[in-house]
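What follows is a short report on a single structure.
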Amino acid sequence: MATATSHQSVVSFASLRSSPSSTISQCGFKIDSSLSFTSKKTNFCKIKAITSSVSYDNTLLSPSKTIPDNSQKKSNEAALILIRHGESLWNEKNLFTGCVDVPLTEKGVEEAIEAGKRISNIPVDVIFTSSLIRAQMTAMLAMIQHRRKKVPIILHDESEQAKTWSQVFSDETKNQSIPVIPAWQLNERMYGELQGLNKQETAERYGKEQVHEWRRSYDIPPPKGESLEMCAERAVAYFQDNIEPKLAAGKNVMIAAHGNSLRSIIMYLDKLTCQEVISLELSTGIPLLYIFKEGKFMKRGSPVGPTEAGVYAYTKRLAQYRQKLEDDSEVLCA
C-alpha cells in the first residue's frame, strides 16, 4: 500500500488511564485522561466527544437471559482489523461520493470477498461499520469467508421498536453470531457541494490546485462540506469512546469504513502528523491488522492470504487461534 509516512506505535492506553492529569498532544490531538477518554476540544484539531458511549447489548442477540459483557476482563492482546470498503458505483464513475449512500460494484464485491479471505484465520468478536451500505456490504461479504462461519448480525437501535423486533431468543444462535454496530461517526467525510460531481469536470471548473486543496489538505473543507480535521473529530472520538475499550477488554474488533474516517483513526493509532496523514493512501478492500497489547497499538500490515504463516507468527494468541481452526476443520472432515 502506497504511503509516504513512517508509522509508529500509539501512546499507551494504560498510561493515559493511570495518570489523571496527563495529556498527549500530536498534531493538535489533545487527550485529557481526566475526561475518561472523551476528547477535549482544542483550538487546532478541535477534537471533541460528539457522541455518547455506545456498546452492543447482548440481550438483543439473546434476550432470554442477560449475558455478561466481560468489558472489565483484561487480556494480554487483541486484534484490530481495518478495511476500507470495496469499489463503489460512484468510485467507478469517478464521482465525489462522500456521505451519499451508494452500493459496491461487482469489482467492489470481489474486493470485499478477497479481504475476507485474507483475514479468515484472524479472530473477530465484534464489527463496527459506518452507516453507509458500501461499508456494511464489505463487512458482510468479508465475514462470509471467515472460517468460524459465525453470522454477522446488524444491531438496530434507532428505535425501541427496532430493538424489540430484531431480538434473537436462542443462546445457541447468539453464540454463533457476531454483533455488527453501525455508526454514522465512521462515515466518509461529507464533501458538501462536490457530492455527485465528476472529479475531472470539477477540476476543470474550479482548477486542479483548488480541488487538490479540498481533497488533500487537513483543515480546508470543500464548500459546505467537512475537512479531514472535522472528519477526524467524530471518527477518533468514537474510536476512543466505543472501540478502544473493547480492545482493552480483549475483544477482537473489525472496522469496515472509508478512506477518510480510517485515515483519521490511523493518524491516531500511528501518531501521524497533519502533514503525514494527508499523504497516507488506503487501497479499497485491503485489510490492515493491528495488535493491541499492553496498551499499545502495533501495526502488522496486511495479511497476504489465509495460508500465509507469517501474519500468525506475530503473536502466540493468533497462532493458537489458527491452530484451533485447523484442528476443528480436521474433526469436521473426519
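The chain is numbered in sequence order, starting from 1.
For Arg263, the side-chain hydrogen bond (donor to acceptor under 3.5 Å, both in side chains) partners two or more places apart in sequence, or in a different chain, are Asn260. Checked against salt bridge (Lys or Arg N to Asp or Glu O under 4.0 Å), Glu87 has no partners two or more places apart in sequence or in another chain. Partners of Glu160 according to the side chain to side chain contact (heavy atoms under 4.5 Å, CB included) rule, which considers only residues two or more places apart in sequence or in another chain, are Lys163. Evaluation of the side-chain hydrogen bond (donor to acceptor under 3.5 Å, both in side chains) rule for Ser88 yields Asn91 as partners, not counting sequence neighbours. With sequence neighbours excluded, no residue forms a side-chain hydrogen bond (donor to acceptor under 3.5 Å, both in side chains) with Thr97. Among residues two or more places apart in sequence or in another chain, the ring-ring contact (aromatic ring centres under 6.0 Å, His included) test is passed with Trp214 by Tyr206. The side chain to side chain contact (heavy atoms under 4.5 Å, CB included) search around Ala115 returns Ile83, Pro287, not counting sequence neighbours. For Lys224, the salt bridge (Lys or Arg N to Asp or Glu O under 4.0 Å) partners at least two apart in sequence or on another chain are Glu193. The salt bridge (Lys or Arg N to Asp or Glu O under 4.0 Å) check on Glu209 picks up nothing, with sequence neighbours excluded. Arg148 pairs by the side-chain hydrogen bond (donor to acceptor under 3.5 Å, both in side chains) definition with nothing, not counting sequence neighbours.
With Asp270 contributing its side chain and Leu272 its backbone, the two residues share no donor-acceptor pair below 3.5 Å. Not one N or O on the side chain of Gln185 forms a donor-acceptor pair closer than 3.5 Å with the backbone of Ala235. Arg84 contributes a side-chain N or O that, together with a main-chain N or O of Leu282, makes up a donor-acceptor pair within less than 3.5 Å. Formation of a donor-acceptor pair under 3.5 Å by the Thr138 side chain with backbone atoms of Gly86 is found in this model. Remark: the backbone N or O of Leu186 is paired with a side-chain donor or acceptor of Ser261 at under 3.5 angstrom.
Grouping Ile, Leu, Val, Met, Phe, Trp and Tyr by side-chain contacts under 4.5 Å, direct or through others, puts Ile133 with Leu104, Val109, Ile113, Met137, Leu141, Ile144.
Under the 30°/60° scheme for interplanar angles, the aromatic rings of Phe239 and Tyr268 are found to stand perpendicular.
No side-chain N or O of Thr284 forms a donor-acceptor pair with one of His85 less than 3.5 Å apart.
In this structure, the separation between CD on Gln145 and CG on Asn121 is 12.0 Å, given to the nearest 0.5 Å.
Judged as a salt bridge (charged side-chain N to carboxylate O under 4.0 Å, His left out), not a single pair has a partner in residues 195-204 (not counting sequence neighbours).
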